[in-house]
2 protein chains.
Amino acid sequence: MAAPLPGAALIFPMKKFAFAIHGGAGTILKSAMTPEKEMAYRDALHKALKLGADLLEKGGSATEAVEAAVVEMENSALFNAGYGSVFTHDKSHELDASIMEGKGRKAGAVAGVKRIKNPISLCRKIMERSEHVFLIGEGAEAFATEEGEELVSESYFSTEARKQQLLKIRDSMKTQLDHSDDQLKKFGTVGAVAMDSKGNLAAATSTGGITNKRYSRVGDTAIIGSGTYAENGVCAISSTGWGEYFIRAVAAYEVAALMKYGKMTLEEASNQLVHQVIPEMGGDGGIIAVDSFGNIAMPFNTEGMYRAKVDSENAPEVSIYK
Amino acid sequence: MAAPLPGAALIFPMKKFAFAIHGGAGTILKSAMTPEKEMAYRDALHKALKLGADLLEKGGSATEAVEAAVVEMENSALFNAGYGSVFTHDKSHELDASIMEGKGRKAGAVAGVKRIKNPISLCRKIMERSEHVFLIGEGAEAFATEEGEELVSESYFSTEARKQQLLKIRDSMKTQLDHSDDQLKKFGTVGAVAMDSKGNLAAATSTGGITNKRYSRVGDTAIIGSGTYAENGVCAISSTGWGEYFIRAVAAYEVAALMKYGKMTLEEASNQLVHQVIPEMGGDGGIIAVDSFGNIAMPFNTEGMYRAKVDSENAPEVSIYK
């Protein structure tokens with residue numbers, strides 16, 4: 001394919017669509033992974049990727065694709081989002097999520113919800129059907145109820161595996177990151193970024209937070225500009241990492257700013273955030289990113305990141321380790 | 001004073017300190033303001049400004065100064081933050097705040113707290129004494145209790161004037177902005193930015209939200225990168241405006257990014273955000289900003305913004321209208 005004129009890609013992207021997802025970053029040591037478990041993760045990632053990609057292939061919107069893939073991962077017990085979310089110190093679940101679409105930079109976000117089966121879908125409703133962006137706790141649930149959404153019981157999110165994780169560290173005062181029970185830090189978050197056939201971008205991120213967390217701590221996942229950002233003509237970003245550092249670095253928007261004002265490519269900007277800004281502050285994690293040319297970047301500075309990508313020109317790729 | 005070499009100002013600022021505060025932006029029509037009311041606002045702004053400036057003059061830190069001024073405004077019934085916060089639809093109060101210091105880009109934030117007398121001081125405790133950045137609702141209050149802070153009753157924040165505002169619009173489904181009862185939109189937020197004698201920057205923002213708000217809506221005030229941002233060598237920003245737009249524009253960090261990567265001055269970057277980015281999206285409001293040279297910018301695109309500034313070279317200025 002001939003290279004387009006500069007800027008032309010905003011109107012005629014080189015690719016018809018591009019799509020990437022993540023299921024969290026962290027030190028996912030190969031030694032601690034069984035072949036069965038690895039296969040289960042790969043299957044789940046592939047299924048979520050295919051859901052979004054099929055929508056994009058048929059001309060669906062970037063927003064539809066990122067929502068569908070994140071819903072799929074929220075519904076899987078393997079990922080720390082929705083069903084299978086980790087337990088808080090008080091044996092409950094507090095879920096955070098956010099979504100943003102590049103066209104008009106519209107956004108929706110929730111934090112600390114306990115009875116929303118698919119937080120990412122509630123974010124989309126907030127974005128599309130309210131005058132607000134960010135609703136928290138019972139207020140967000142009241143909005144969901146008024147929108148006709150059925151609330152689930154808090155126990156819906158609970159799985160035995162996550163309960164065991166909590167019990168192991170329940171008496172420890174120290175907040176543990178997901179998978180810390182086996183000395184593995186894993187940032188349990190799911191996310192998706194997409195460019196659709198109209199060149200529109202979207203990003204979505206969802207999490208169950210950190211095991212044994214207290215004080216209704218909220219990480220970057222709910223924060224527009226940190227966990228999630230999308231702007232047509234620039235990029236769409238979903239973060240996964242040590243949330244406090246991603247908030248303080250305004251991580252997702254940092255990539256957009258480096259592209260808009262620092263004249264970097266998507267890959268350069270993503271690498272600068274993940275391999276320079278965040279580690280220099282003392283944090284770690286990764287991002288998935290797509291630009292309006294359909295380029296995809298998925299850098300991480302941890303041992304692994306559950307991730308997958310596909311575009312109209314390239315076959316699906318599912319990866320866990322470096 | 002001779003102009004310093006480029007970059008030298010980071011070590012030897014031209015000014016010993018610089019300090020600015022705001023008490024909210026909006027269409028504060030002169031016709032609706034009595035001379036007595038205007039004098040009361042001017043006095044309150046002057047008092048808060050002096051508190052912070054005196055600390056800075058004596059070599060106090062930027063963080064101490066922004067906290068002190070914001071606490072003073074939280075304790076005043078005139079401003080929509082702390083005591084005198086507006087009422088939610090459910091006749092309660094939900095307060096949001098955040099603080100950030102430029103050295104190390106540390107930050108603390110709360111949203112939806114109902115029993116914290118001075119939310120900005122809790123933010124500072126979160127920043128300095130916890131491993132977290134952002135705590136919400138009862139979780140944030142539990143942290144405060146463990147830190148030895150006494151919770152106030154919810155009625156502490158209530159004033160008759162704010163109650164009348166709510167009652168007038170109580171039955172309306174439409175969320176009203178503060179002062180909307182007299183057809184005035186006013187963004188009730190307080191904030192402060194400072195550069196101290198060591199060249200350290202800090203920013204703080206606090207709000208009671210919007211009258212008659214529902215669903216535990218959170219605006220930009222609690223969001224690091226949108227309502228508040230500080231980075232040594234760049235700038236410190238506190239926003240006041242239509243929160244949803246400031247979140248979607250990642251407003252506070254946008255100014256920093258335009259300076260860091262777009263090579264703009266503080267004034268150019270602040271003006272671009274307030275007079276271009278935000279209005280193009282459909283929002284309005286203003287910011288206060290200080291850079292590491294001690295320059296101050298306070299642009300707004302509304303009829304007025306309660307504001308005041310002072311630095312080591314210039315006498316205090318208190319302003320309300322353009």
Side-chain angles (χ1 to χ4, degrees), chain A residues 88 90 94 96 100 104-107 109-112 126 130-144 146 174-175 213-220 222-226 229 231 243-254 256-264 281-282, chain B residues 88 90 94 96 100 104-107 109-112 126 130-144 146 174-175 213-220 222-226 229 231 243-254 256-264 281-282:
Chain A
T88 66
D90 298 331
E94 294 174 348
D96 306 333
M100 188 163 186
R105 293 203 266 175
K106 291 191 290 179
V110 295
I126 292 166
S130 86
E131 57 187 336
H132 302 307
V133 168
F134 190 20
L135 307 181
I136 63 174
E138 290 176 9
E141 291 166 2
F143 174 79
E146 287 188 16
K174 199 148 171 57
T175 300
K213 81 167 177 173
R214 308 180 70 195
Y215 313 125
S216 297
R217 172 265 192 189
V218 177
D220 64 313
I223 310 296
I224 298 300
S226 297
Y229 187 73
E231 180 175 349
E244 279 71 15
Y245 291 92
F246 279 69
I247 291 176
R248 291 162 48 202
V250 198
Y253 190 66
E254 173 75 350
L258 286 168
M259 294 176 69
K260 287 201 284 185
Y261 310 129
K263 310 291 176 204
M264 286 190 185
M281 292 176 82
Chain B
T88 67
D90 298 330
E94 293 175 350
D96 305 335
M100 187 162 186
R105 293 203 265 175
K106 291 190 291 181
V110 296
I126 293 166
S130 87
E131 57 188 337
H132 302 308
V133 167
F134 190 19
L135 307 181
I136 63 175
E138 289 176 9
E141 292 166 0
F143 174 78
E146 287 189 17
K174 199 150 173 55
T175 301
K213 81 167 179 174
R214 307 180 71 196
Y215 312 126
S216 297
R217 171 265 191 190
V218 176
D220 63 313
I223 310 296
I224 298 301
S226 296
Y229 187 73
E231 180 175 350
E244 278 71 14
Y245 291 92
F246 278 69
I247 292 176
R248 291 161 48 202
V250 198
Y253 190 65
E254 172 74 350
L258 286 168
M259 293 176 69
K260 286 200 286 185
Y261 311 128
K263 308 292 176 203
M264 286 191 187
M281 292 177 82

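Below, read A as the first sequence line, B as the second, and so on, with proteins coming before strands; counting in each chain starts at 1.
- Two residues are said to be in side-chain contact when any heavy atoms from C-beta on lie closer than 4.5 Å; I223(A) and I224(B) fail this criterion.
- Smallest separation of non-hydrogen atoms from A257(A) and A257(B): CB-CB, 3.5 Å.
- Contacts between M264(A) and chain B at a heavy-atom distance below 4.5 Å are absent for every atom of the residue.
- With sequence neighbours excluded, the residues that form a side chain to side chain contact (heavy atoms under 4.5 Å, CB included) with A111(A) are D96(A), F134(A), I136(A), V218(A), A222(A), I136(B).
- Of the atoms belonging to L135(A), heavy atoms from both backbone and side chain fall under 4.5 Å from chain B.
- No other option in E138(A), K263(A), E94(A), R105(A) has as many heavy-atom pairs under 4.5 Å with chain B as R105(A).
- Applying the side chain to side chain donor-acceptor pair (under 3.5 Å) rule to Y253(B) yields the partners E254(A), K260(B); only residues at least two apart in sequence or on another chain are considered.
- A donor-acceptor pair shorter than 3.5 Å can be found between the side chains of Y215(A) and E146(B).
- Taken to the nearest 0.5 Å, the OG atom of S130(A) stands 11.5 Å off from the CZ atom of R214(B).
- Interface residue Y229(A): only side-chain heavy atoms are found under 4.5 Å from chain B.
- The distance from atom CD1 of I126(A) to atom CZ of R217(B), rounded to the nearest 0.5 Å, is 12.5 Å.
- Taking 4.0 Å as the cut-off between side-chain N and carboxylate O, R248(B) and E231(A) do not count as a salt-bridged pair.
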